[in-house]
Engineer: 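Handing you this structure, nothing more for now.
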There are 2 protein chains.
Amino acid sequence: MVQRNTDVTAQVHGSHDSAACTMLEVLDRVSGKWAIGILLATAHGPVRFMELERTVKGISRRMLTLTLRNLERDGLLVRTVYPTVPPKVEYTATDIALELYESLTSLTSWAGRHRAAIAAARDAYDRSAE
Amino acid sequence: MVQRNTDVTAQVHGSHDSAACTMLEVLDRVSGKWAIGILLATAHGPVRFMELERTVKGISRRMLTLTLRNLERDGLLVRTVYPTVPPKVEYTATDIALELYESLTSLTSWAGRHRAAIAAARDAYDRSAE
DNA sequence: CTGTATCCTCCGGGATACTG
DNA sequence: CAGTATCCCGGAGGATACAG
């Protein structure tokens, strides 16, 4: 992360804009390199730890655990342990997480509409500066 | 950002989920500690450099410049220089940026609906772990 | 007023090895 | 299988000084 700071809210508290405040609450929840990937992977039913490790390509075991813990802490995921041997653990998206996923589609639509324009703007900018 | 990585897209290309891909394009655009604050500050008309420095509380001159450059590069802001002395520079949100702002409201609505639940989940989680 | 140039700190996140 | 424990590095971002 985003070297994602964790105090993003401060600035907006400062600017006294409540819309910005809530907006950044979301970002704090969704930021980090892996949160969204995991949210998506769990969007269609319970998933086991190993499945996530395979599905979310490139993630390390450490970051998988850490991100899962954070999502669980925020109530976006539920962790279910089956006391068998070998152990089996499932992660299930909560309703809140599913709603979040819905809301994110508004952003994907924005990206879809403007991705070409943005790429063009970027190219133009980069070319004008050599 | 967040230590916001810049290669978030890779993971989702990996998982072959186009929704995730576009989703992360947006996050890359909006992530970082200051992008949203600046976007909001420019949402209601052209703003000068100094105004931004005052409005976006806590931002350093360096990060203000860097974030402005990135937003300009992506075509979200237009930079207008008035060759006066002392110099005057205005930053204006483009239509694309304004549309983005609209889309973000879906997320603020989500945060508004669930902020209490999330805070509660977090408290419960933290208490259960001492 | 609007920046640029440097230096430095902090922490997200990868690699690797170990455990119940 | 599902984690923890360490060590380490790169880069986001703050502080400060200088410049057109």
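Order of the sequence lines fixes the chain letters, A, B, ..., with proteins taken first and strands second; residue numbering starts at 1 for each chain.
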Engineer: Should B/Arg61 be listed as having a side-chain N or O under 4.0 Å from OP1 or OP2 of C/dT4?
Structural biologist: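 No, outside the criterion.
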Engineer: Would you please say whether a donor-acceptor pair under 3.5 Å links the side chains of B/Ser109 and B/Arg113?
Structural biologist: yes
Engineer: Report yes if a side-chain nitrogen or oxygen of A/Arg69 is closer than 4.0 Å to either non-bridging phosphate oxygen (OP1 or OP2) of D/dT4; otherwise report no.
Structural biologist: yes
Engineer: Could you state the atom-to-atom distance from CD1 of B/Ile59 to P of D/dA12 in whole Å?
Structural biologist: 15 Å
Engineer: Report which part of the nucleic acid A/Tyr91 touches: base, sugar-phosphate, or nothing (heavy-atom distance under 4.0 Å, all strands).
Structural biologist: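 Sugar-phosphate contact only.
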Engineer: Using heavy atoms to find the nearest nucleotide of DNA chain D for A/Arg62 and A/Leu68 separately, return the residue whose nucleotide is more 5′.
Structural biologist: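 Its nearest nucleotide lies further toward 5', so the answer is A/Leu68.
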Engineer: Can you name the one residue among B/Arg48, B/Glu51, B/Arg79 that meets side-chain hydrogen bond (donor to acceptor under 3.5 Å, both in side chains) with B/Tyr91?
Structural biologist: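 For B/Tyr91, the side-chain hydrogen bond (donor to acceptor under 3.5 Å, both in side chains) check succeeds only for B/Arg79.
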Engineer: Which heavy atom in B/Val47 sits nearest to a heavy atom in B/Ala41, and how many Å separate them?
Structural biologist: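 Shortest heavy-atom separation between B/Val47 and B/Ala41 comes out as CG2-O, 3.3 Å.
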Engineer: With axes from five pairs an end, tell me the bend angle of the helix from C/dC1-D/dG20 to C/dG20-D/dC1, nearest 10°.
Structural biologist: 40°
Engineer: What is the distance, to the nearest angstrom, from the CG atom on B/Leu64 to the P atom on D/dA15?
Structural biologist: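 Taking CG of B/Leu64 and P of D/dA15, I get 14 Å after rounding.
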Engineer: Between atom CG in B/Leu52 and atom P in C/dG3, what is the gap in whole Å?
Structural biologist: 10 Å
Engineer: Rounded to the nearest 0.5 Å, what separates atom CG in B/Leu39 from atom CZ in B/Arg29?
Structural biologist: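 Rounded to the nearest 0.5 Å, the CG-CZ separation comes out at 11.5 Å.
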Engineer: Any chance you could lay out the side-chain contact (heavy atoms from CB on, under 4.5 Å) test for A/Leu64 and A/Ile38, step after step, and finish with the verdict?
Structural biologist: CA-CA 8 Å; A/Leu64 179 54; A/Ile38 292 179; 3.7 Å; yes
Engineer: Would you kindly give the NZ-to-C1' distance between B/Lys33 and D/dA12, to the nearest whole Å?
Structural biologist: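 Computing the B/Lys33:NZ to D/dA12:C1' distance gives 9 Å.
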Engineer: Please list, chain by chain and in numerical order, all residues satisfying side chain to side chain contact (heavy atoms under 4.5 Å, CB included) with B/Ala93, sequence neighbours excluded.
Structural biologist: B/Thr42, B/Leu77, B/Ala97, B/Leu98
Engineer: Counting side-chain heavy atoms from C-beta on, which of D/dG14, C/dT4, D/dG20 comes nearest to B/Thr65?
Structural biologist: C/dT4
Engineer: Side chain of B/Met63, heavy atoms from C-beta onward: which of D/dG14, C/dT2, D/dT4 has the nearest atom to it?
Structural biologist: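 Out of D/dG14, C/dT2, D/dT4, the nucleotide with an atom closest to B/Met63's side chain is D/dG14.
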Engineer: In whole angstrom, give the distance that lies between atom CG of A/Leu66 and atom P of D/dG3.
Structural biologist: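 Whole-Å distance recorded here is 12 Å.
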Engineer: Across the strands shown, which category fits A/Ser60 at heavy-atom distances under 4.0 angstrom: base, sugar-phosphate, nothing?
Structural biologist: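 Sugar-phosphate contact only.
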Engineer: Taking atom C1' of D/dA2 as reference, at what distance in whole Å does atom CD of A/Glu53 sit?
Structural biologist: 9 Å
Engineer: Report the distance from atom CG of A/Leu27 to atom P of D/dA12, rounded to the nearest whole Å.
Structural biologist: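 Those two atoms, CG and P, are 17 Å apart.
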Engineer: Think A/Arg79 has a side-chain N or O under 4.0 angstrom from the OP1 or OP2 of D/dG3?
Structural biologist: yes
Engineer: If the plane angle is over 60° it's perpendicular, under 30° parallel, otherwise tilted; pick one for B/His44 and B/Tyr101.
Structural biologist: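 Answer is perpendicular, since the angle exceeds 60°.
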